[in-house]
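Report on the following structure.
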Amino acid sequence: MSGKVNIAVIVGATATGKSALSVAVAQRIKNAEIVTADSAQIYRGMNIGTAKPTLNEMGGVPHHMIDVADIVETDFSVAKYKQLASSVINDIASRGKIPIVAGGTGLYINSITYPLSFQNIPPNIELREKFGAIEERNKGALHELLTHIDPERAALLHPNDIKRVIRALEIYYQSEIKPSSMDSDFVNDRGDETEFEPIIVGLTMPRVELYARINERVDKMMEAGLLDEVKGLLKAGYNSDSPAFSALGYRQLISYIEGSIDLKQAVEDIKLKTRRFAKRQETWFKRDKRISWLKADSSGIGDSLLNETCDIFSERGLFTLK
RNA sequence: AGGGGCAUGAUGUAAUGGUAACAUAGCGGUCUCCAAAACCGUUUUUGAGGGUUCGAGUCCUUCUGCCCCUG
């Protein structure tokens, strides 16, 4: 076997029970720690809406990559995630424990399971605004510009995909690096070395069941006081258009608090957007052929699911069950 | 019971007698730095029957269903 650090990875759409399963696995194998791959749970103070595990739900298993950013941080990014998570994983392994990476943010998962290299080119707000103004005056102008600078990258991007077009230009104008030159295809990766050796389990659930669970979970979040949490954060002085607040639940309740929609509408919108998010997560993970899929049950983490999961991890040499 | 109105996809609406449209939902997809973001694509429709007409969602008629008014 290679000298690489083996990691267990648990992915799946929101509300399929990834967190519960990862804790159950960690408890079963005793010497594991969990590394969350979730772009909303990184923020301190956003708890109910991000379904952040409670102390009780953590079941005594150490969790990492939760509460690692403040809501005022506007420059948290995959690059940062990869950097922080990688060192956490190495640390866990160096202490002789098994890292279990669990989460639903596909890009974050890929950042540590594929050889993605992120250049250190931070967002440049001024430049972005300038580009935004150009596009507003002349729709399609930026994509046109990118075609001259980096035709390869431009060909991959739809002219309306303005966020990525701007990012590509931003990379070029700040570093002279052509964005296409740093691309590496996730699916047919070029054989570059990854830092870790992932063994990935994915949880699925029939759509109707998943949607029902999502709707139910949103209602529970409201009962648990999500609205008060959001109000509290705003009262604490956080800017309502912080990137962190683009997270599901927060954005919609802020719209309600600011008076643009009523509460019932806001809750319905959260459910709708969460359902669509879950669909996109499935699309994302579907194409990852490394994943071993297991059926999740809405009644909770059963013994058979736990056994199957542990079997997959141990068959691939991650650990030996005693 | 009498009078009037309405009936178009899953939902809400549009269409001087001339190729049935739009939005929403649903479904599929993209993805290298805000990713719980952003973006792209797409299935389904004229309540039932008869008539007028070269041609009917549209006009006439019967039926069915829903709504309103009168009693």
Side-chain angles (χ1 to χ4, degrees), chain A residues 13-15 36-43 46 48-52 69 71-84 103-125 128 132 135 142-143 150 152-153 155-171 174-175 177-187 189-190 192 207-208 211 214 217-218 221 226 239 241-253 265 268-288:
Chain A
T14 187
T36 298
D38 187 301
S39 66
Q41 292 184 3
I42 58 168
Y43 291 109
M46 291 169 56
I48 298 172
T50 62
K52 203 175 279 178
I71 293 169
V72 296
E73 281 182 49
T74 55
D75 61 345
F76 199 94
S77 65
V78 216
K80 209 164 191 174
Y81 177 81
K82 180 188 167 94
Q83 189 197 330
L84 293 174
T105 303
L107 184 61
Y108 285 13
I109 296 282
N110 283 2
S111 78
I112 51 181
T113 62
Y114 279 109
L116 303 184
S117 60
F118 296 102
Q119 309 295 324
N120 193 24
I121 303 161
N124 181 330
I125 306 297
R128 284 186 185 189
E135 180 70 11
L142 295 183
H143 189 263
D150 187 350
E152 223 178 305
R153 180 75 178 142
L156 290 174
L157 297 177
H158 191 280
N160 289 350
D161 197 352
I162 205 65
K163 223 166 137 172
R164 287 207 183 84
V165 172
I166 289 180
R167 175 61 187 164
L169 292 170
E170 181 178 64
I171 288 169
Q174 296 194 103
S175 68
I177 297 171
K178 282 190 184 183
S180 62
S181 72
M182 49 191 250
D183 280 1
S184 139
D185 190 342
F186 295 143
V187 184
D189 74 85
R190 298 185 293 202
D192 297 342
R207 270 294 157 78
V208 282
Y211 283 5
I214 287 172
R217 194 163 80 156
V218 171
M221 285 176 178
L226 179 56
N239 193 326
D241 41 54
S242 305
F245 289 146
S246 65
L248 288 167
Y250 296 85
R251 172 186 283 180
Q252 292 78 11
L253 288 180
Q265 236 177 327
E268 283 313 305
D269 200 32
I270 294 170
K271 291 177 183 173
L272 172 66
K273 295 286 166 48
T274 307
R275 277 181 257 136
R276 287 217 275 229
F277 169 55
K279 194 156 71 81
R280 270 181 283 125
Q281 287 178 301
E282 292 196 327
T283 301
W284 177 285
F285 291 122
K286 213 182 284 176
R287 68 174 173 169
D288 192 334

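Chain A is the first sequence line, chain B the second, and so forth, proteins listed ahead of strands; every chain is numbered from 1.
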Sugar-phosphate, base or nothing in reach of A:Tyr250, heavy atoms under 4.0 Å: nothing
Separation between CG of A:Asp288 and CD1 of A:Ile109, rounded to the nearest 0.5 Å: 9.5 Å
Counterpart base for B:C63, defined by Watson-Crick or G-U wobble contacts under 3.5 Å: B:G47
Same-atom distance (P) from B:G49 to B:G26, integer angstrom: 33 Å
Residues forming a salt bridge (charged side-chain N to carboxylate O under 4.0 Å, His left out) with A:Arg128, sequence neighbours excluded: A:Glu170
Sugar-phosphate, base or nothing in reach of A:Lys279, heavy atoms under 4.0 Å: base
For B:U24, the Watson-Crick or wobble partner whose two distances fall under 3.5 Å: B:A10
Check: A:Tyr250 side chain, A:Ala244 main-chain N or O, donor-acceptor pair, under 3.5 Å: no
From A:Leu248 atom CG to A:Met221 atom CE, the distance as rounded to the nearest 0.5 Å: 9.0 Å
Nucleotide of B:A37, B:A35, B:A25 approaching A:Lys163 most closely (side-chain heavy atoms): B:A37
B:G17 and B:G12, which share atom name P, separated by this distance in whole Å: 25 Å
Can you list, pair by pair, the side-chain donor-acceptor contacts under 3.5 Å of residues 72-79 of chain A, counting residues two or more places apart and other chains?
from, atom 1, to, atom 2, distance (Å)
A:Glu73, OE2, A:Asp70, N, 3.2
A:Ser77, OG, A:Ala79, N, 3.4
A:Ser77, OG, A:Lys80, N, 3.4

Option from A:Gln281, A:Arg275, A:Arg217 for which side chain to side chain donor-acceptor pair (under 3.5 Å) with A:Thr14 holds: A:Arg217
Any A:Arg128 side-chain N or O less than 4.0 Å from OP1/OP2 of B:C34: yes
Sugar-phosphate, base or nothing in reach of A:Thr50, heavy atoms under 4.0 Å: base
Distance (rounded to the nearest 0.5 Å) between A:Trp284 CH2 and A:Thr105 OG1: 9.5 Å
Rounded distance in Å - CZ (A:Arg276) to C1' (B:C27): 12 Å
Same-atom distance (C1') from B:U45 to B:A37, integer angstrom: 34 Å
N or O in side chain of A:Lys286 less than 4.0 angstrom from B:G29 OP1/OP2: yes
Phosphate OP1/OP2 of B:G26: any A:Arg275 side-chain N/O under 4.0 Å: yes
Of A:Ala40 and A:Arg207, the one whose closest RNA chain B nucleotide lies more 5': A:Arg207
Gap between atoms CG and C1', on A:Asp75 and B:A35 respectively (whole Å): 15 Å
C1' atoms of B:U32 and B:C39, separation to the nearest Å: 16 Å
Separation between the P atoms of B:A56 and B:G47, rounded to whole Å: 15 Å
N or O in side chain of A:Tyr114 less than 4.0 angstrom from B:U32 OP1/OP2: no
Separation of B:A35 C1' from A:Ile112 CD1 (nearest whole Å): 15 Å
Separation between the P atoms of B:U11 and B:A25, rounded to whole Å: 15 Å
Sugar-phosphate, base or nothing in reach of A:Gly49, heavy atoms under 4.0 Å: base
Heavy-atom pair with the smallest gap, counting every atom of A:Ser111 and A:Lys82: O-NZ, 2.9 Å
Pair assignment for B:A56, Watson-Crick or G-U wobble, requiring both distances under 3.5 Å: none
Rounded distance (Å) that lies between atom P of B:A38 and atom CZ of A:Phe277: 12 Å
Counterpart base for B:U32, defined by Watson-Crick or G-U wobble contacts under 3.5 Å: none
A:His143 side chain to A:Val165 backbone, donor-acceptor under 3.5 Å: no
Between protein and nucleotides 39-42 of chain B, what N or O pairs are separated by less than 3.5 Å?
from, atom 1, to, atom 2, distance (Å)
B:C40, OP1, A:Asn160, ND2, 2.6

Any A:Arg153 side-chain nitrogen or oxygen under 4.0 Å from OP1 or OP2 of B:U32: yes
For B:U19, the Watson-Crick or wobble partner whose two distances fall under 3.5 Å: none
Sugar-phosphate, base or nothing in reach of A:Phe245, heavy atoms under 4.0 Å: nothing
Length of the line joining A:Glu282:CD and B:G29:C1', which is rounded to integer Å: 13 Å
P spacing across the pair B:C34 / B:G9, given as an integer number of angstrom: 43 Å
G-U wobble or Watson-Crick pairing nucleotide for B:A37 (cut-off 3.5 Å, both distances): none
Heavy-atom pair of closest approach, residues A:Lys52 and A:Gln41: CE-O, 3.4 Å
Atom-pair distance (CD1 on A:Ile166; P on B:A37), nearest Å: 18 Å
Distance between C1' atoms of B:G55 and B:U64 (Å, rounded): 28 Å
Watson-Crick or G-U counterpart of B:U70, or none if no pair lies under 3.5 Å: B:A1
More than 12 heavy atoms of other groups within 6.0 Å of A:Gln174 CD: yes
Nearest-angstrom distance from the residue atom CG of A:Asp269 to P of B:U24: 13 Å
Integer-rounded Å distance: B:C34 C1' and A:Tyr43 OH: 7 Å
Given RNA chain B, 5'-ward residue of the pair A:Gly106 and A:Leu272, judged by closest heavy atom: A:Leu272
Sugar-phosphate, base or nothing in reach of A:Tyr81, heavy atoms under 4.0 Å: nothing
Nucleotide of B:U32, B:U30, B:A37 approaching A:Thr283 most closely (side-chain heavy atoms): B:U30
